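Quick notes on the structure that follows.
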Amino acid sequence: YVDNGGQIGGVQVKEVIIMLKGVEKIAEFVNIMERLGVNADLGQGRIRIDARSMIGVMAMDTTGPITLSINESEDVVEKVLKKIDSFLVK
C-alpha cells in the first residue's frame with residue numbers, strides 16, 4: 001500500500017490501494033465504511049467518490065485497483081485498515 005504520511009491539522013491522510021471485485025465485495029466494503037463513519041474517498045485518476053456511497057462506488061470501474069484516501073486520526077486509520085484488510089493490495 002501507499003503511505004504518504006501526510007498530516008493536516010492533526011488528521012492523518014493515509015492512502016492505500018484496494019480491489020473491489022464484484023457486487024458483494026463492493027457492498028461489504030461500503031457497509032464497513034458506513035459503520036465506521038470514516039471520512040474517506042475512493043479515487044481513480046481525477047475522479048473522487050465518497051467511500052460510503054454505494055451508488056458512487058458502484059459507478060466506478062472496479063476491474064482494477066482503486067486508491068482509498070482516509071482522512072482521520074492515526075488510531076482511526078489503524079482501525080479502518082484492520083477492518084478492510086481483505087481488500088488491501090499488498
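Every value quoted in this text rests on a predicted model; they were computed, and no experiment measured them.
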Give every donor-acceptor pair under 3.5 Å between a side-chain atom in residues 56-68 and any protein atom, sequence neighbours left out.
unit_1, atom_1, unit_2, atom_2, d
Asp61, OD1, Thr63, N, 3.0
Asp61, OD1, Thr63, OG1, 2.5
Asp61, OD2, Thr63, OG1, 3.4

Lys79 and Val38: side-chain contact (heavy atoms from CB on, under 4.5 Å), yes or no, with the steps?
CA-CA 10 Å; Lys79 182 177 181 180; Val38 67; over 6 Å; no

Give the intermediate values and the outcome of side-chain contact (heavy atoms from CB on, under 4.5 Å) for residues Val77 and Glu74.
CA-CA 5 Å; Val77 168; Glu74 188 174 345; 5.6 Å; no

For Asn39, which of Asp50, Asn71, Ile70 qualifies under side chain to side chain contact (heavy atoms under 4.5 Å, CB included)?
Asn71

Going from NZ on Lys83 to CZ on Arg35, what distance comes out if it is rounded to the nearest 0.5 angstrom?
6.5 Å

Once you round to the nearest 0.5 Å, how far does CG of Leu81 lie from CD of Glu78?
5.5 Å

Name all pairs fulfilling the ring pair (Phe, Tyr, Trp, His ring centres under 6.0 Å) condition that reach into residues 31-53, sequence neighbours left out, sorted by first residue then second.
none

To the nearest 0.5 Å, what is the distance between CD1 on Ile84 and CD on Glu28?
11.0 Å

Nearest heavy-atom pair of Arg48 and Ser69: which atoms, and what distance?
NH2-OG, 3.9 Å

Within this structure, what is the CD1-CG distance for the pair Ile18 and Asp85, rounded to the nearest 0.5 Å?
12.5 Å

Would Val23 and Val30 show up in the same hydrophobic cluster when neighbours are defined by side-chain heavy atoms closer than 4.5 Å?
yes

From Glu34 CD over to Met54 CE, what is the distance, rounded to the nearest 0.5 angstrom?
6.5 Å

